[in-house]
Amino acid sequence: VIITARARYASGYTWPDDPDVFHDPVLKHKFYEMWRYVSSEFAHTDRIAGYEIMSEPRTRNVGQKTVMEFMAGGCDAVHEADPRALCVVGPAPYYKIWMLEDDNAIKLPGNRKNIMYTFDFFIPRGFVMSNSEEASEEGDSPPEFPGRFSCRDIYESWWKGHCHGKDDMKNVDGRFLLETMRDLPGRLRDKLNAPMYCNQWHALTPFELATTEPVHHMRSQRIVFPC
């Protein structure tokens with residue numbers, strides 16, 4: 001079991017209308033105190049593997065280093081009570097896999113132990129978030145995999161680093177998915193010598209699940225996947 005904190009407002013979704021842990025030191029302190037209390041309560045409980053400091057931070061208003069410095073403080077709070085526990089951290093916004101491209105921004109400051117980095121894998125988003133059964137009922141053709149997808153559908157807001165235009169089309173197949181895993185979380189895993197955890201990958205129906213079979217082969221990249 002990994003105990004997680006999910007905080008829409010504290011993670012920056014509505015800042016500056018609402019305070020968040022990246023701009024409000026009092027709120028950040030309270031967040032750390034919460035983790036000290038929780039980790040001390042469960043430090044001797046069986047089957048507690050670790051603690052996820054802030055699930056999918058929403059902020060787009062601070063740099064990645066600021067986010068990871070906050071995560072580091074949360075890990076320190078956890079390890080004060082339970083130094084053996086895994087501390088799970090990931091990039092803003094929303095654990096996007098493309099945020100793993102900047103090694104220096106993602107690495108927690110210092111030489112901390114028992115850290116696991118996490119990310120989400122929704123690629124291409126238009127496919128994994130589609131519902132083939134609903135599309136068939138409405139007479140529409142569901143997206144197909146392998147297939148051609150727009151750069152915006154593959155990379156979302158981060159297409160500029162990969163394409164000339166957001167509407168450019170690219171082939172996405174099992175090899176593309178494996179290479180993305182190898183070049184981003186796989187490379188970061190080796191550089192930081194830390195485990196990488198695919199927090200979420202997604203398919204809405206058995207049709208999509210069957211056609212995303214290449215995801216299962218990504219386990220060969222020594223990246224932890226949910227069951």
Side-chain angles (χ1 to χ4, degrees), residues 1-43 45 48-82 85-102 104-110 112 114-123 125-126 128-129 152-153 155-160 184-185 188 194 196-202 204 226:
V1 174
I2 293 177
I3 298 175
T4 184
R6 194 171 183 89
R8 180 183 186 187
Y9 301 108
S11 67
Y13 185 74
T14 56
W15 187 86
D17 294 332
D18 298 290
D20 67 19
V21 296
F22 309 111
H23 297 91
D24 188 327
V26 174
L27 183 59
K28 179 169 69 172
H29 174 75
K30 290 181 178 179
F31 210 87
Y32 290 164
E33 286 299 306
M34 177 274 294
W35 275 125
R36 289 187 181 93
Y37 174 81
V38 171
S39 56
S40 64
E41 284 291 303
F42 290 98
T45 302
I48 300 298
Y51 306 88
E52 184 178 3
I53 299 303
M54 177 177 280
S55 175
E56 298 185 323
R58 270 69 168 153
T59 184
R60 294 173 184 259
N61 297 296
V62 298
Q64 205 65 253
K65 286 190 175 182
T66 298
V67 174
M68 301 315 287
E69 286 171 359
F70 164 76
M71 296 283 187
C75 290
D76 291 346
V78 163
H79 287 150
E80 284 178 20
D82 192 355
L86 273 177
C87 186
V88 182
V89 301
Y94 296 96
Y95 288 166
K96 297 293 186 182
I97 189 172
W98 309 113
M99 297 297 96
L100 303 182
E101 291 180 304
D102 188 345
N104 295 324
I106 293 300
K107 182 182 183 300
L108 291 192
R112 291 170 170 81
N114 292 347
I115 305 297
M116 183 165 71
Y117 294 83
T118 188
F119 61 96
D120 289 348
F121 195 80
F122 297 137
I123 302 173
R125 191 173 185 86
V128 298
M129 293 299 185
R152 181 61 184 268
D153 205 16
Y155 303 106
E156 301 182 62
S157 300
W158 300 275
W159 60 265
K160 291 182 180 180
L184 292 175
L188 193 65
M196 301 294 297
Y197 175 55
C198 182
N199 193 288
Q200 295 185 74
W201 70 277
H202 185 59
L204 287 177

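Any value given below was found using the heavy atoms of this structure, including those in side chains, with hydrogens, waters and symmetry copies removed.
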Open item on the list: Please enumerate all residues that pass side-chain hydrogen bond (donor to acceptor under 3.5 Å, both in side chains) together with D18, with sequence neighbours excluded.
Closed with: T14

- [ ] Could you please spell out the steps behind the side-chain contact (heavy atoms from CB on, under 4.5 Å) verdict for F31 and M54?
- [x] CA-CA 10 Å; F31 210 87; M54 177 177 280; 3.7 Å; yes

TODO: Specify the closest pair of heavy atoms between A10 and F22, including all atoms of both residues, with the distance to one decimal.
DONE: O-CE1, 4.5 Å

- [ ] Grab the two heavy atoms, one from A81 and one from A43, that are nearest each other, plus how far apart they are.
- [x] O-CB, 3.8 Å

Task: Worked verdict on M71 versus I115 for side-chain contact (heavy atoms from CB on, under 4.5 Å) - done: CA-CA 10 Å; M71 296 283 187; I115 305 297; over 6 Å; no

TODO: With sequence neighbours excluded, tell me which residues meet side-chain hydrogen bond (donor to acceptor under 3.5 Å, both in side chains) with R58.
DONE: none

TODO: Please list all pairs passing the salt bridge (charged side-chain N to carboxylate O under 4.0 Å, His left out) test where one or both residues lie in residues 70-82, with sequence neighbours left out.
DONE: R36-E80, D76-R112

Open item on the list: Strictly distance-based, threshold 3.5 Å: is any side-chain N or O of Y32 a donor or acceptor partner for the main-chain N or O of F70?
Closed with: yes

Task: Residues in side-chain hydrogen bond (donor to acceptor under 3.5 Å, both in side chains) contact with Y155, at least two apart in sequence or another chain - done: K170

Task: Non-hydrogen atoms of N114 and A85 that approach each other most closely - done: CB-O, 3.3 Å

Open item on the list: If I take atom OG from residue S11 and atom CD1 from residue I53, how far apart are they, to the nearest 0.5 angstrom?
Closed with: 14.0 Å

Task: Side-chain donor/acceptor of W15 to backbone N/O of T59, under 3.5 Å - done: no

Task: Side-chain donor or acceptor of Q64 paired with backbone N/O of A92 under 3.5 Å - done: yes

TODO: Please test W158 against I97 for side-chain contact (heavy atoms from CB on, under 4.5 Å), starting from the C-alpha separation and ending with a verdict.
DONE: CA-CA 10 Å; W158 300 275; I97 189 172; over 6 Å; no

- [ ] Please report the closest heavy-atom contact between W35 and E52, naming both atoms and the distance.
- [x] CZ2-O, 3.1 Å

Task: Spacing of NZ belonging to K30 relative to CE belonging to M34, to within rounding of 0.5 Å - done: 12.5 Å

TODO: With rounding to the nearest 0.5 Å, note down the distance linking CZ in R152 to NZ in K160.
DONE: 10.0 Å

Task: Residue list, side-chain contact (heavy atoms from CB on, under 4.5 Å) with L188, at least two apart or on another chain - done: L100, D103, I106, L192, M196

Open item on the list: For a quick test of reading the model, state the closest non-hydrogen atom pair linking V67 to G90 and the distance between them.
Closed with: CG1-O, 4.3 Å

Open item on the list: With rounding to the nearest 0.5 angstrom, report the CD1 to CG distance, I123 to D120.
Closed with: 10.0 Å

Open item on the list: Centre-to-centre under 6.0 Å for F121 and Y95, is that the case here?
Closed with: no

TODO: With the side chain counted from C-beta on, respond yes when Y117 and V89 share a heavy-atom pair under 4.5 Å apart, and no when they do not.
DONE: yes

Task: Any residue meeting side-chain hydrogen bond (donor to acceptor under 3.5 Å, both in side chains) with E156, in chain and number order, not counting sequence neighbours - done: K96

Task: Validation row, ring centre F42 to ring centre Y51 under 6.0 Å - done: no

Task: Rounded distance (nearest 0.5 Å) linking atom CE of M68 with atom CG of L108 - done: 4.5 Å

TODO: To the nearest 0.5 Å, tell me how far I48 CD1 sits from S39 OG.
DONE: 11.5 Å

Open item on the list: Just checking K107: does its NZ atom have more than 12 heavy atoms from other residues, nucleotides or ligands closer to it than 6.0 angstrom?
Closed with: yes

